[in-house]
Amino acid sequence: MIDWRQLSQISNLRALDLQAGRLVERLGQEDLPAVPLLAALTSWAAGQGHTCLPLGTVAALAEELNVPMAVLQDMSEMQQQLNASSMAGRADTSLPLILDEDNKLFLYRYHRCEATIAQVLAQRVTQVLPVDQERALPLLDQLFPASAPGIDWQRAAAALALYKSLVVISGGPGTGKTYTVARILALVQQLANQPLRTALVAPTGKAALRLQESIGQAKQGLPQEAEKILTLKAQTLHRLLGYQAHRAAFRHNRHNPLHLDLLVVDEASMIDVSLMAALLEALPSHCRLVLLGDRDQLASVEAGNLFADICGPENMVWSQAQCARLAPLLGGEMPQAENASNPLADCLVLLQTSRRFAAGSGIGALAQAVNAGNGEMVKGIIDSQWSDVRWLETNVSAPAGQQPHVRKQILQFLTPLLAAKSPQAALQALGQRRILCGLREGPGGVAGVNHLVEQHQRRQQLIGPEARVYAGLPILISRNDYSQGLFNGDTGVLWPDAKGLMRGWFEQEDGSLRSVALAQLPAWQVAYAMTVHKSQGSEFDQVLLLLPQEDAPVLTRELLYTGITRARQQLILCAPLELFLRTTGRQVIRYSGLPRKMTTPPPQLNQE
């Protein structure tokens, strides 16, 4: 038997991980010590964003987490014990632990989610829908007028959406994802023989609101008959699926599917494998699915690297059959084709031309350099002093908030917010400029910036020495509340109403404000700054990106790229140069079995 009490004292495993191991040990009642230990380590891996744990990494991981068990140093011994255990099995079983052909160990839940995703996608990628090309061609010409020479990938995405029940569109900021999807919606509806049941969704309320705003802007320039189609209201994925607070399941599932013909999902990179599996199970087979996202952005907070796994690490190439199918609708230059192609590639379009960042944009150049992991190019851009990128070197010997030039920059950056005389002015300032941090805790994180700003205001006697709520306090909602129409990621500001009662104020879709009593607000946190993770789905005219003084595993190329591309007009970087360059060279590593499952879907799972 394993001494779990001692292990809890010496190891860096979480209490949840230790409980997972103890449960497997208690249920198995076996003299196979590697199995419960592997269960604990696999639980820890899930907490770090991995959906599985490769057995080849266990020895090093056990040493890192201080789990001094000799049985975890021998891979063949681990395999033998897993094969002998009643708690572990292969892909066609429903046991607590699943070991796949690549010696990746899964908790059953994540294996099942990946298997569900792979099976549904495998069915969708092979479908080819009938298209009336004579009707489609003039509509495509109308929606996508002739442009510069070369392949019009936005038009290609729209043509693809006619033939495929799954379309995946990846592109960075300003590449026209919502412009394209607005025209897809118009095109598909105009070619349909009856009104289509259509929905627009995103992972968070903030992202859903931004999607709706973007679709509204994209309607401009559409033919009048097409513009009438785009009157949809975006919502969160949880609301679409019918989130039930009292149950661990959604109202819509494979037994009660969604009543939809076309679904558009924005910010798909933020979706974890559990939520995507639930969505795909609830989606009727005839419903077209369009996924929008940026494969280079941060992965979901929960387990998985779903969107990047679907898009693949390289630029996938359409098959010759796909090119021949689309040629009459695209005309002109066609993409390169291959005889043998990943079937998923025939559903994928990568938009690479950004219309937000002009040729002289330092923000755009820096984003490209960081995304390429090119440290020399990054350093060259920083040294070149672009007009829209400002570098503020910080000293690693002291916390950022204690360095006078950094503290001064933070307070100057927040001047419009701190000087606001109304909730409208405060919300406008928050919408235009935002401080983003790589970490949530610590002096160089969100907590440190919040403390710095509040201490400054107390020294200036702008707020009371013990004040916790006060006029002008920016807040970030951290839990969905459908009854109040407030969602995780929504930004508001506290301000007294005409009677002097403090309330939370939020901007609505039409630009007007609404207020909510403090007692009715869902969980929230102070938001003079926010993490880069929380900023996904948002854009600001000006961004101050603050990295801590010490390295941390969460500081990755994807985090930098996401933070940089939140800025539209000006970016201020506060970081030690060496740390910034080191972060540029570090990519997110998330162990996953989805790429393998998508090429060779596992056996049909027990649906009970």
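Side-chain atoms are counted along with the backbone in the values below, which use heavy atoms only and exclude waters and symmetry mates. In this text, all values refer to a predicted model and were calculated from it rather than measured experimentally.
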Quick one: does [X]'s side chain have a donor or acceptor within less than 3.5 Å of a partner on [Y]'s backbone?
X	Y	result
W495	R503	no
R155	L329	yes
K177	G172	yes

Grab the two heavy atoms, one from [X] and one from [Y], that are nearest each other, plus how far apart they are.
X	Y	answer
T531	V446	N-CG2, 3.5 Å
A420	A426	CB-N, 3.6 Å
T51	V273	CG2-CG2, 4.0 Å
W318	L330	CZ3-CD1, 4.4 Å
I475	V493	CG1-N, 4.2 Å
L291	A268	CB-CB, 4.4 Å

With a 4.5 Å cut-off on side-chain heavy atoms, are [Y] and [X] touching?
X	Y	result
L350	R295	yes
M276	L279	yes
L306	D272	no
M377	Q368	no
W524	L473	yes
Y528	L417	yes
L521	L494	yes
I477	P522	yes

*Go through the steps to decide whether R568 and D388 satisfy the test salt bridge (Lys or Arg N to Asp or Glu O under 4.0 Å), and finish with yes or no.*
CA-CA 9 Å; R568 286 188 289 245; D388 58 344; over 6 Å; no
*With sequence neighbours left out, write down each residue that passes side chain to side chain contact (heavy atoms under 4.5 Å, CB included) with S535, or none if nothing qualifies.*
L436, M530, V532, R566
Residue [X] excluded, over 12 heavy atoms near [atom1] under 6.0 Å:
X	atom1	result
M502	CE	yes
I589	CD1	no
H456	NE2	yes
R440	CZ	no

*Atom pair OG1/CD1 of T415 and I410 - distance to nearest 0.5 Å*: 12.0 Å
*Drop me the distance from S269's OG to D296's CG, to the nearest 0.5 angstrom.*
9.5 Å
*Check step by step if side chain to side chain contact (heavy atoms under 4.5 Å, CB included) holds for V181 and I215.*
CA-CA 8 Å; V181 84; I215 290 289; 3.5 Å; yes
*asked:* Could you tell me if Y470 and E454 have a donor-acceptor pair between their side chains, going purely by distance under 3.5 Å?
replied: yes
*asked:* What verdict does the side chain to side chain contact (heavy atoms under 4.5 Å, CB included) test give for Q212 and L200, after you've listed the backbone C-alpha separation in whole Å, the side-chain angles of each residue and the deciding distance to 0.1 Å?
replied: CA-CA 8 Å; Q212 187 162 329; L200 304 174; 5.8 Å; no
*Among Q432, R433, Q569, R434, find the residue that satisfies the side chain to side chain donor-acceptor pair (under 3.5 Å) test when tested with Q542.*
R433
*Among I572, T562, L571, find the one that has a side-chain contact (heavy atoms from CB on, under 4.5 Å) with L545.*
L571
